[in-house]
Every structure is written in structure tokens, then in C-alpha cells.
Engineer: 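Let me give you the structure first, and then I'll get to my questions.
Just so it is clear, the values below take in all heavy atoms, side chains as well, and ignore hydrogens, waters and symmetry mates. Whatever order the structure lists them in is the order used to number ligands and atoms, beginning at 1.
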Amino acid sequence: MNNTRTTYINCKIFTSDTELPLANAMTVENGRISWIGDASELAETAAPGNISEQPATAKTAQSETAAPGNIVDLGGHTVIPGLIDSHQHCLLMANLVKAIAALPPKIHDMDELAEAIREAEKNLEEGRWIEGWGYDEGKLKEKRKPNRYDLDRGSTETPVVIVRACQHIVSVNSKALEIAGITRDTPDPEGGVIGRDAKGEPDGILYENARNLVYKYMPKLTEEASADNLKVYGDVLASKGVTAISDLGELTGLKYGHIFEKAIDLGFKTKVGAYFIWDFIKDDPEFDPAILGTGHGPVCDSNAEIAPPQILYPGIKLIGDGSVSGHTAWLDRPYPGTDDCGLPTCSAKDIEDAKAFAKNHQCQLSVHCMGTAAIDRTIELLYKEKPWLQAPVPTFRTEHITMPSETAMERAAAAGIPFVTQPVFMFSEIESYLENLGHEWTKTCYPVRTWLDKGVRVAFSTDAPATAWAEPYDPFVNIQAAVTRRAWEGTDLGQNQKISVEEALRLYTAESGPMMGFRDIGILRKGFAADFVVLDEDILRVEEDKISQVKVLGTYINGEKVF
Ligand SMILES: [Zn+2]
């Protein structure tokens with residue numbers, strides 16, 4: 001860690017600190033903020049003339065609070081705390097960053113998809129297949145799934161596999177069909193269907209278990225490759241101003257901590273709060289709960305050489321119901337035009353068991369709940385419990401919260417149970433919300449304004465890659481969605497639920513850090529980690545529908561410039 005003292009001046013700092021919301025100078029020592037405030041309070045050494053674009057080696061004073069040390073002039077730009085994505089699936093996402101994102105705003109039709117395949121083939125590593133993810137025919141101009149002939153226009157030499165957003169359907173090209181030996185004579189496997197054209201030829205669209213006919217020939221992803229992908233993904237996140245992320249559990253279960261360690265060896269800098277899926281660990285005798293724990297608080301002694309933990313394992317996660325886009329979120333009334341209310345995916349006893357485990361091991365419990373019935377049940381089971389974790393880290397957190405009842409909101413506010421939500425869901429998946437709920441119901445979903453007014457703790461996140469957007473981890477798209485309450489194609493998402501940019505930033509920083517077990521990130525205040533972002537525009541002043549175009553000029557983690 002860099003232990004020189006550096007003072008950043010000539011900037012507008014949005015601190016996310018309610019006690020000192022704005023500042024214009026900040027001193028960083030040992031990776032932490034040692035002073036922040038108004039430049040006029042700085043010692044005389046800060047006079048222009050000592051100022052350099054890059055930190056120069058200068059003598060540093062020992063203990064004066066406002067002695068600046070090296071000076072960095074930020075050219076009048078706006079500074080915000082490093083953005084914290086408190087719910088995503090970062091290993092899944094990392095393994096997709098090199099693949100084709102078959103989604104707007106990158107891909108809108110088959111021509112663009114073919115072009116992306118041709119581009120991908122140019123840079124392909126030896127032996128790899130061309131992979132893509134996220135397509136949804138509702139978002140493609142042709143309004144149909146890509147078939148082998150669409151993909152063959154991109155490549156006939158290299159196998160191509162593009163996974164649909166739902167993960168249950170894939171489109172492959174003729175080369176992939178050939179490698180897998182799929183012909184008109186191949187029977188459908190049990191639990192799967194090979195799509196066929198009018199003449200009975202495989203059309204390249206494989207449903208459910210038919211995917212495995214192709215998957216088994218795809219090159220396996222090694223641990224080294226995963227760690228390398230994580231490093232690349234960390235760089236992408238830094239370019240978007242994201243300095244910390246949460247991992248809400250991977251399908252591969254618990255044995256993945258070492259991938260983070262490997263990635264750190266490769267230069268991965270992002271801070272991570274990673275959760276274990278309850279179903280995977282509850283009966284696993286090899287799982288060691290000693291790994292569970294949350295981080296320490298701010299360190300105000302600027303001489304203290306305390307390396308903050310980069311990876312924390314704050315707790316466990318349970319999945320309470322399905323999703324609105326999948327028609328499986330558990331509602332208290334049927335989806336319009338049906339008698340279907342969705343369904344719970346775990347029992348009340350599962351939640352009780354997980355809660356007892358979390359209490360026993362003094363860790364967090366996170367519960368996914370989208371529909372009203374799922375949210376009501378979860379809050380009912382948690383709200384009377386006395387918290388066992390020290391504030392500001394919440395003992396419980398609930399995920400998504402599409403349509404909470406009045407009672408659930410009031411109980412959550414009183415008990416301090418946070419809602420970790422994703423404004424980008426309705427923004428990017430508007431087609432399925434309109435289809436499954438209709439416009440009036442959609443406008444009442446995720447009522448963030450109401451939550452804040454009622455005093456519910458709220459944190460923002462993206463759930464990447466489970467978000468139908470080409471760069472699902474992009475925080476500026478998410479912030480714009482919350483501030484404008486408009487979908488990507490303009491649909492009104494309920495203007496009475498808009499929040500301000502300042503509020504959105506706080507939910508993405510000060511409120512998001514503690515959600516994932518960190519106590520010293522998300523606020524620019526003395527003692528906190530020096531994780532901050534320099535922007536090309538004043539995000540507090542930019543027109544609200546231009547927020548997604550704000551660019552990052554520099555990203556710092558523990559005072560070190562990482563982008
Ligand atoms: Zn998720």
C-alpha cells in the first residue's frame with residue numbers, strides 16, 4: 001500500500017456523508033482518508049505552485065491534520081465514493097465478459113449478431129468456442145430466436161453457442177451441430193427438444209436437456225481461466241467506477257474462495273462480499289463456518305498499517321421464490337389473466353433453519369423474495385428477531401423486493417431490515433414486466449420513493465448477469481433508471497417513485513457497503529478506505545436522461561489508482 005500522504009484538490013466531492021455532504025479537498029494516507037473538508041483549511045503548502053498533475057515526491061509533515069503532502073489537482077472534476085454493487089453474481093459475470101452480450105444497447109438484430117461473431121472470431125484464443133449470452137427474441141428486431149443459419153453468417157469454421165437470457169435454450173451454428181453429431185436422425189433426449197425446420201433438419205435451437213448434447217463438447221473452463229476472467233472483470237468494473245461487489249452465491253457451491261485468491265495474485269483489486277447458498281452448505285460436513293465474518297470499522301489512526309480485508313464472507317443466502325420475468329415470483333393474487341400466483345421455492349422451516357444457523361455463527365442471512373407473498377412470509381419470520389450483528393451491518397438482508405405489502409414495508413422499516421434492489425430490472429426487462437403484469441401494475445413495482453419516505457433501509461445493485469442489458473453491471477444505467485423511472489425504450493415506470501441523484505448515489509455507496517459486511521467503505525470520511533471515483537461530468541447537475549453517459553476518468557481503491 002502507498003504510504004505517502006496525498007491531497008486531492010480542485011474538485012467537487014460528493015461524500016455520501018450526511019454530516020458533510022460536500023467537500024473540495026481530501027487527504028489520503030495509508031490507503032485511508034486522513035482528512036476531508038474545505039481547501040481553505042489546508043496548511044500553506046497547498047498553495048498553487050506546489051501543484052502537480054501526478055503525485056510528486058515531497059516531504060510530508062508528521063501529524064498536522066491538514067498537511068497536504070503531495071498535491072494532486074483534479075481539474076475541477078466531480079468526485080464520488082467508489083460505487084458498490086451489493087448484489088451480483090460476479091464469478092458468473094466474470095466468465096461472460098469475454099463472450100458476446102447479445103443484448104441492447106450492443107445487439108438489436110441478426111445482422112449485428114453475425115457481425116459480433118465475426119469480430120469475436122478474430123480475437124479467439126486457440127481451441128475456444130465463440131460464446132454469447134443474454135439474447136431474448138422480444139428484444140431482437142426479427143422477434144424470433146437466432147437459428148443455425150443466422151449464426152453461420154458469423155462463422156462456419158468455429159463452433160458458436162449463444163445462450164438465451166433464461167439459460168434454458170441455446171442457439172448454435174452448423175459447426176457446433178456437426179461437432180456434437182446432431183443430425184435429422186438424432187432423437188430428442190429425455191427432457192429436451194432439438195428444434196427442427198419444416199423439412200425435419202435441426203435448426204440449431206436446443207431446448208432444455210438438448211443443450212447438453214452440445215455442452216459436453218465445449219472446452220472446460222479451468223480455475224486459472226476463471227481467475228484470469230475475474231481479473232479482467234475487475235478492470236471493467238474499475239472503468240465503470242465500481243470498487244466493491246457482492247457475490248450472492250454461485251451454482252458451483254462453496255469451494256470457490258480460492259479463485260478469488262488466485263485472481264488477487266493476478267492483480268484483481270475489487271473488494272468482494274461473497275455469500276454461500278444455504279442449500280449447498282447445510283448438509284456439507286466439509287463446510288467450515290469459521291470463514292464467515294464481517295469487516296472492521298473505520299481506522300482513524302493514519303499511521304495504522306491495517307490492511308483491510310479484500311474478500312469477506314458475511315453470510316448465507318436462501319432463495320424464497322422465483323422471478324417476475326419468469327412468471328414464478330410468489331404473489332398474493334394471480335398474474336393478470338391467469339389463476340397462477342407463482343410459487344415459493346423454500347419452506348418456512350428452511351428460513352427458520354437458516355436463521356438459527358446464522359445466529360449460531362453470528363453471520364448474515366440474505367433471502368431472495370420478489371413477490372408479495374414471499375416478502376410477507378420472509379419479513380414475518382425475521383422482523384421480531386433481535387439483531388446479532390453490530391450496526392451498520394444488517395443481520396438480515398432481503399433481495400429484489402418487487403411488490404412488498406404495506407405491512408412488510410412498515411415492519412422492515414421498524415426492524416431495520418434492508419431491501420437490496422435493482423432499478424435496472426424494470427429498465428431493461430420492461431417487455432416481460434408489461435407482458436406478465438400489465439402497465440399499471442408494473443408502475444407500482446419497486447416503490448423506492450415510498451420505501452425511503454417510510455424509513456426502510458435500501459441498497460442498490462444490478463444482479464448482473466441476471467439483467468437483460470449488454471453491460472448489466474453498469475452503475476450509471478442503474479442510477480438513471482432510479483432517477484427517471486423510465487425503461488430503456490421510454491416506458492413510464494411510475495413518476496411518483498422517482499428519487500434524486502444524491503439519494504441514488506447514497507444507496508449505491510454508503511448504504512451498499514454495510515449490506516455486504518464492510519464497515520469502512522461507501523463514505524468519504526476520515527478513517528474510511530480511500531475508494532473514490534473521478535467523473536468527467538458533474539453527475540449532480542447533468543440532465544437526468546444523460547446520467548448513463550457520465551464517464552469515469554479515474555478510479556481509486558485504498559488510495560491506489562486502478563483505472
Ligand atoms: Zn441474484
Side-chain angles (χ1 to χ4, degrees), residues 83-97 101 103 133-134 136 163 165-168 230 233 237 242 244-254 256 270 272-281 313-330 342 344-346 350-351 354 364-371 374-375 378 394 396-404 418-429 432-433 445-446 458-469 471-475 477-478 481 507-508 512 515-517:
L83 296 163
I84 300 167
D85 191 332
S86 50
H87 181 139
Q88 55 166 249
H89 301 267
C90 69
L91 273 176
L92 285 178
M93 189 63 237
N95 290 330
L96 295 175
V97 278
L103 285 160
W133 61 279
D136 177 341
V163 184
C166 63
Q167 309 270 329
H168 294 261
L230 206 48
Y233 181 45
L237 290 169
V242 177
I245 52 177
S246 199
D247 190 319
L248 265 292
E250 297 303 330
L251 298 176
T252 47
L254 65 141
Y256 65 77
T270 319
V272 181
Y275 291 74
F276 297 101
I277 297 283
W278 173 241
D279 273 349
F280 292 134
I281 62 157
Y313 299 92
I316 55 173
K317 184 198 177 192
L318 209 63
I319 299 175
D321 69 339
S323 70
V324 172
S325 44
H327 230 265
T328 47
W330 183 27
T345 54
C346 72
D350 290 330
I351 298 179
Q364 259 185 339
L365 172 62
S366 145
V367 185
H368 162 125
C369 36
M370 295 190 98
I375 300 166
T378 302
F396 305 116
R397 45 178 284 180
T398 55
E399 316 298 320
H400 313 307
I401 314 294
T402 313
M403 37 186 106
F419 295 168
V420 180
T421 197
Q422 298 80 26
V424 70
F425 275 1
M426 283 206 295
F427 172 90
S428 67
E429 292 167 22
S432 61
Y433 278 83
C445 292
Y446 309 100
V458 182
F460 277 170
S461 58
T462 62
D463 205 13
T467 299
W469 200 242
E471 292 180 333
Y473 40 77
D474 187 333
V477 170
N478 213 21
L507 302 189
Y508 230 115
S512 273
M515 286 308 139
M516 43 182 264

Engineer: Please give the atom name: the N, O or S atom of D463 nearest to the Zn ion (ligand 1).
Structural biologist: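 The atom in question is OD1.
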Engineer: Will you find, in the side chains of N478 and T462, an N or O donor that is under 3.5 Å from an N or O acceptor?
Structural biologist: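 No donor-acceptor contact under 3.5 Å links the two side chains.
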Engineer: If every non-hydrogen atom of L237 is compared with every non-hydrogen atom of T270, which pair is closest and at what distance?
Structural biologist: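 In terms of heavy atoms, the two residues are closest at CD1-CG2, 4.2 Å.
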Engineer: Taking the Zn ion (ligand 1) as the reference point, name the nearest N/O/S atom of H87.
Structural biologist: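 Per the distance ranking, H87 contributes NE2 as its closest N/O/S atom to the Zn ion (ligand 1).
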Engineer: At their closest point, which heavy atom of S246 faces which heavy atom of Y275, and how far apart are they?
Structural biologist: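 Looks like OG-CE1, 3.3 Å.
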Engineer: Between Y508 and F460, how do the two ring planes meet: parallel, tilted or perpendicular, split at 30° and 60°?
Structural biologist: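 Perpendicular, since the angle between the ring planes exceeds 60°.
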Engineer: Taking 2.8 Å as the cut-off, does H400 contribute an N, O or S atom near the Zn ion (ligand 1), distance below it?
Structural biologist: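 Under 2.8 Å: H400 has no N, O or S contact with the Zn ion (ligand 1).
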Engineer: Confirm or rule out an N/O/S atom of H89, from backbone or side chain, lying less than 2.8 Å from the Zn ion (ligand 1).
Structural biologist: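 Yes, since at least one N, O or S atom of H89 sits under 2.8 Å from the Zn ion (ligand 1).
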Engineer: Is the distance from the Zn ion (ligand 1) to the nearest N/O/S atom of E399 under 2.8 Å?
Structural biologist: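 No, E399 does not qualify, because none of its backbone or side-chain N, O or S atoms lies under 2.8 Å.
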Engineer: Donor-acceptor pair, distance only, cut-off 3.5 Å: does the side chain of S428 make one with the backbone of T467?
Structural biologist: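 Absent.
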